[in-house]
Amino acid sequence: MLVALVPSGAGGLLRPLADDGTPAGPERFVPDLAGAVAEVESRDRPRWLWASTAEIYPRLVQRGVRVERCHDLELAEALLLGAEGAWGQPRTIAAATARLAGLPVPPDPPARAAEPPGLSQDSLFDAFDAPAVPLDDLLAVYQAQRRRIEALPELPSAHPLAPRAGAMRTLVAAESAGALVAVEMGLAGLPWRADVHDALLRELLGPPSPVGGPPARLAELGVRLNEALGQRVHADSPAELLRAFARAGIMLRSTRKWELEHVDHPAVPILLEYKELYRLWTAHGWSWLDQWVTGGRFRAEYIPGGVVSGRWATRGGGALQIPKIVRRAVVADPGWALVVADAGQLEPRVLAAVAGDRRLARAGAAGDLYAALATEAFDGDRAKAKIAMLGAMYGQTGGNAAPALAALRRFYPTAWDLVEEAARTGESGGLVRTWLGRTCPPASVSWREGFDEPGAEVESRGGAKGRARGRFTRNFVIQGTAAEWALVLLARLRAALAGRRAELVFFQHDEVIVHCPQEEAQEVAAAVHAAGDEARRLLFGDTEVRFPLDVTIVGRYSDAK
DNA sequence: GAGTTGTGCGCC
DNA sequence: AAAGGGCGCACAACTC
């Protein structure tokens, strides 16, 4: 059963639908949207049909209302447009409606900027404006999406077996479920102890400057850097540093850490320490704390499908780049625990499952895939096995990877062919898809390395740009399919946790954190393992490959792993 | 002064 | 000759 929902003022319009999207009852206006949704949800557990989970669902969750399932029309629209060769076209209901009618298509509204918590809290309680879209349009777009899924064209895909439509239905459902998780997780926030964070900063940086300048330890390093170089430099300016080193007779191409590490000069260790602390101060210092942590929680906004590969992005606070050192401040509430789960070696396992390479799949059944590879094909050299796998997935061909890659190619030709084929497709201007059918952007709309120049599609066939494109499509299949596995895990885990006090509080590509009462922690850990198994079965059926999760129950994030 | 690009580095 | 994918963010340096 489906129920279509369009917000309007503080209330909204609801209409029950049959599974194919045709009306199964009258439309009704409800003055209290959250209350009405709660009532229908507990009675019928329908799949909610709405334009955008990110726009609508926060208002419900803020009022304590959660739903089990939805169909997010905008996310589905984006997936379908990609599959139909119209990647990046506007995805709103208004745009989709205009396309159906053959009318000019309005562009999507620009993305909102990240809003620190506090500034935006009130607006979450604001009523909606007048109904943004007619409910009939919602129905028409949904019905059309169902037809379009059934009529999907054949495109290069990693998935040799599942029917296109079946895979896409799974993908749309998973993407929509992910959108529910994203809203709930963003509002829950990651438990964050500002006092612990502050103590950490003082320990590493010294006391903050009362006038807003660099903290004591950083200022001191700046002085020592000047002394070591024999001149005054602005340590944050790469250009100045290059000139200063040049005067000392050291020619550098850049001031990157890995380049400096090979330079023998007394200023280098000072500069490296300065860079590390400077970064901590600017990116995760006191102003970050003031801006993003409120009420003991770091609240990020998660954006499902925000990365073209299907990975999530975040807005605000750099939630996917929390430095290891700062994770000390992520502490469970008293009496609660953090269940931290990490899928180890996810991408090579995905390659093993996707390629259907029997030999690689056997290695993927092991707890340590690289070690298994090493035993079979790399004379026990685990490091070499890892270089080979990473090189194959990322497109590295030179340097010390070459001999390792040769061994990989010889021992695992089926997997090798899969990534090579993806790369060739990209280099020649073609499109690739993930296992469930997410399509990569065409070369003409890629925003990297000048793909968006006129004629870039032709230019990209060969030359450095073409090879860059090949590396992108090669990796897209693996990264995107890994994102799908993680998305399904997240959806299954959410379902398993429903009704408990446990809350999903963090998700980062292949890692998830649940905050729960200590007495629930063991069951939550079991639920995470079960969700991983379900994700494997749903995507890959009876594959031999395993996707082991490293699950730890800790009081603070930094104690995991 | 505002906006854009480049650099560098954090995470996966 | 060498050639690793995806991001977000902050700052410097640049353009207009």
Side-chain angles (χ1 to χ4, degrees), chain A residues 111 113-114 214 233-242 252-260 271-272 274-285 287-288 291-292 300-303 305-327 342-348 350-351 386-402 404-405 419 422-423 426-427 432 440-441 446-450 463-483 486 506-512 557 561:
Chain A
V233 289
H234 194 196
D236 321 323
S237 163
E240 271 191 45
L241 285 169
L242 289 183
L252 293 172
R253 280 182 61 250
S254 73
T255 61
R256 285 191 165 88
K257 192 165 64 179
W258 52 263
E259 191 165 347
L260 285 170
L271 179 56
L272 290 175
Y274 180 93
K275 277 169 168 284
E276 194 178 327
L277 294 182
Y278 177 79
R279 169 130 193 119
L280 175 66
W281 176 54
T282 56
H284 286 93
S287 55
W288 181 91
Q291 195 176 4
W292 297 109
E301 184 182 358
Y302 293 90
I303 306 170
V307 178
V308 295
S309 65
R311 278 184 171 183
W312 290 15
T314 56
R315 247 196 309 254
L320 300 184
Q321 299 106 246
I322 301 169
K324 294 249 161 80
I325 183 91
V326 175
R327 295 178 183 187
D342 179 320
Q345 308 171 339
L346 178 56
E347 294 194 345
V350 163
L351 172 56
K386 185 172 177 177
I387 286 171
M389 279 305 286
L390 295 178
M393 292 188 299
Y394 292 153
Q396 184 176 14
T397 54
N400 53 3
L405 285 165
V419 291
E427 283 188 35
V432 295
C440 76
S446 180
W447 57 99
R448 297 196 185 288
E449 306 207 18
K465 287 177 184 173
R467 286 193 296 278
R469 171 86 186 158
R471 288 193 295 276
F472 168 68
T473 52
R474 170 196 294 267
N475 185 253
F476 181 92
V477 176
I478 307 299
Q479 186 186 115
T481 303
F506 190 64
F507 172 58
Q508 181 176 232
H509 311 317
D510 61 0
E511 183 178 356
V512 57
Y557 188 14
K561 282 190 258 191

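Atom set for the values below is all heavy atoms of this structure, side chains included, hydrogens, waters and symmetry mates excluded. Chain letters run A, B, ... following the sequence lines, proteins first and then strands; every chain starts at 1. Treat the numbers as computed from the prediction; the structure is a model and nothing was measured.
- For A:K257, taking side-chain heavy atoms from C-beta onward, the closest of the listed nucleotides B:dC9, B:dC12, C:dG6 is B:dC9.
- The side-chain hydrogen bond (donor to acceptor under 3.5 Å, both in side chains) search around A:E276 returns none, not counting sequence neighbours.
- Rounded to whole angstrom, the span from the CD1 atom of A:I322 across to the P atom of B:dC12 amounts to 10 Å.
- Not counting sequence neighbours, A:D510 has no partner by the salt bridge (Lys or Arg N to Asp or Glu O under 4.0 Å) test.
- Between the base of B:dC9 and the side chain of A:R256 there is no donor-acceptor pair shorter than 3.5 Å.
- A:E347 places its CD atom 8 Å from the C1' atom of B:dC12, with the value rounded to the nearest Å.
- Phosphate proximity of B:dG8 to A:T255: present, with a side-chain N or O under 4.0 Å from OP1 or OP2.
- Between A:Q396 atom CD and C:dA3 atom P the separation is 7 Å, expressed in whole Å.
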field: Nucleic acid footprint by protein, nucleotides 11-16 of chain C - heavy-atom cut-off 4.0 Å, B for base, S for sugar-phosphate alone
entry: SSS---
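- Going from atom OH of A:Y274 over to atom P of C:dA10 covers 17 Å, rounded to whole Å.
- The side chain of A:F472 has C:dG6 as its nearest neighbour among B:dC9, C:dG4, C:dG6.
- More than 12 heavy atoms of other shown residues, nucleotides or ligands fall within 6.0 angstrom of atom NZ in A:K275.
- Between A:R253 and A:E259, the closest side-chain pair of non-hydrogen atoms falls below 4.5 Å.
- In this structure, the helix from B:dG1-C:dC16 to B:dC12-C:dG5 shows an angle of 10° between the axis at its start and the axis at its end, each fitted on 5 base pairs and rounded to 10°.
- OP1 or OP2 of C:dG4 has not a single side-chain nitrogen or oxygen of A:R471 nearer than 4.0 Å.
- Using a 4.0 Å heavy-atom cutoff across all strands shown, A:R327 reaches sugar-phosphate atoms only and no base atom.
- Contact check for A:L280 versus A:V326: side-chain heavy atoms found under the 4.5 Å cut-off.
- By the 4.5 Å heavy-atom criterion applied to side chains, A:L351 and A:M389 are counted as neighbours.
- Rounded to whole Å, the distance from CZ on A:R279 to P on B:dG8 is 13 Å.
- Under the side-chain hydrogen bond (donor to acceptor under 3.5 Å, both in side chains) criterion, A:S309 pairs with A:Q479, not counting sequence neighbours.
- A:R469 places its CZ atom 10 Å from the P atom of C:dG6, with the value rounded to the nearest Å.
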message: Between A:E347 and A:R311, is the salt bridge (charged side-chain N to carboxylate O under 4.0 Å, His left out) condition met? List the steps.
response: CA-CA 13 Å; A:E347 294 194 345; A:R311 278 184 171 183; 3.6 Å; yes
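- Residue A:Y394 and nucleotide C:dG4 are not classified as a stacked aromatic pair, given the requirement of ring centres less than 5.5 Å apart at an interplanar angle below 30°.
- Residues satisfying the ring pair (Phe, Tyr, Trp, His ring centres under 6.0 Å) test with A:Y274, not counting sequence neighbours, are A:Y278.
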Worked verdict on A:I478 versus A:Y394 for side chain to side chain contact (heavy atoms under 4.5 Å, CB included): CA-CA 9 Å; A:I478 307 299; A:Y394 292 153; over 6 Å; no
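- Note: CD (A:E259) to P (B:dT7) measures 13 Å, nearest angstrom.
- Heavy atoms of A:G318 sit under 4.0 angstrom from primed sugar atoms or phosphate atoms, though from no base atom.
- Within 4.0 Å of A:Q508, counting heavy atoms only, lie sugar-phosphate atoms of the nucleic acid but no base atom.
- Ranking C:dC9, C:dG6, C:dG4 by closeness to the A:N475 side chain, first place goes to C:dG6.
- Counting to the nearest Å, the C1' atom of C:dA3 and the CZ atom of A:R474 are 12 Å from each other.
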